[in-house]
Trainee: 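Following this message is one structure expressed as C-alpha cells.
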Amino acid sequence: MILNNFKRKDKKPADEKQLSGYQLGSTIREKIDAQFQITGNKLNSWQDIIGKKTTSGIVIFLWVTSFCYFLYSILSVIIKH
C-alpha cells in the first residue's frame, strides 16, 4: 500500500510460533472431519436407498389401487346390465 509516497510493508513476525497443542488439535480436527465425511456419505446413501424404495412402494400402491378401482367400475357396469 502506498500512502504519502511511503511504501508500507505488511509486517509479519519473523518467526510465527504456533502454540504447543496446535499440531495435535489440527490433527484431531482433520481426523474428526474425515470421519464425519465418511459417516455423512453413508447416511446419504442409506437415505437415497430408502427414499427410492418408499417412492417405488407408493407408486406401485397407487397403480394397484387405480387398477382395482378400474376393474371394479368395469365389472359393476358389466354385472348390472
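Since the model is a prediction, treat every value here as computed from it, not as a measurement.
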Trainee: Kindly give the cluster partners of F67, where membership spreads through any ILVMFWY side chain lying under 4.5 Å from a current member.
Mentor: L71

Trainee: Applying salt bridge (Lys or Arg N to Asp or Glu O under 4.0 Å) as the test, list every pair that has at least one member in residues 59-68; sequence neighbours left out.
Mentor: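 Found none.
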
Trainee: Got a second to check how far I78's CD1 is from I74's CD1, nearest 0.5 Å?
Mentor: 6.0 Å

Trainee: Could you pull out all donor-acceptor pairs under 3.5 Å where a side-chain atom in residues 30-41 meets a protein atom, sequence neighbours excluded?
Mentor:
| from | atom 1 | to | atom 2 | distance (Å) |
| --- | --- | --- | --- | --- |
| T39 | OG1 | Q35 | O | 2.9 |
| N41 | ND2 | Q37 | O | 3.3 |

Trainee: Who else is in I50's hydrophobic cluster (ILVMFWY, side-chain heavy atoms under 4.5 Å, direct or via others)?
Mentor: none

Trainee: Drop me the distance from C68's SG to W63's CH2, to the nearest 0.5 angstrom.
Mentor: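 Spacing of SG (C68) from CH2 (W63) equals 13.0 Å.
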
Trainee: Does anything in residues 35-44 pair up under salt bridge (Lys or Arg N to Asp or Glu O under 4.0 Å), and if so which pairs, sequence neighbours excluded?
Mentor: none

Trainee: Name all pairs fulfilling the salt bridge (Lys or Arg N to Asp or Glu O under 4.0 Å) condition that reach into residues 49-71, sequence neighbours left out, sorted by first residue then second.
Mentor: D48-K52

Trainee: Check side-chain contact (heavy atoms from CB on, under 4.5 Å) between I60 and all other residues, then give those that pass, not counting sequence neighbours.
Mentor: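 Once residues adjacent in sequence are excluded, the partners of I60 under the side-chain contact (heavy atoms from CB on, under 4.5 Å) criterion are V64.
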
Trainee: For T65, which residues count as a side-chain contact (heavy atoms from CB on, under 4.5 Å) partner, sequence neighbours excluded?
Mentor: F61

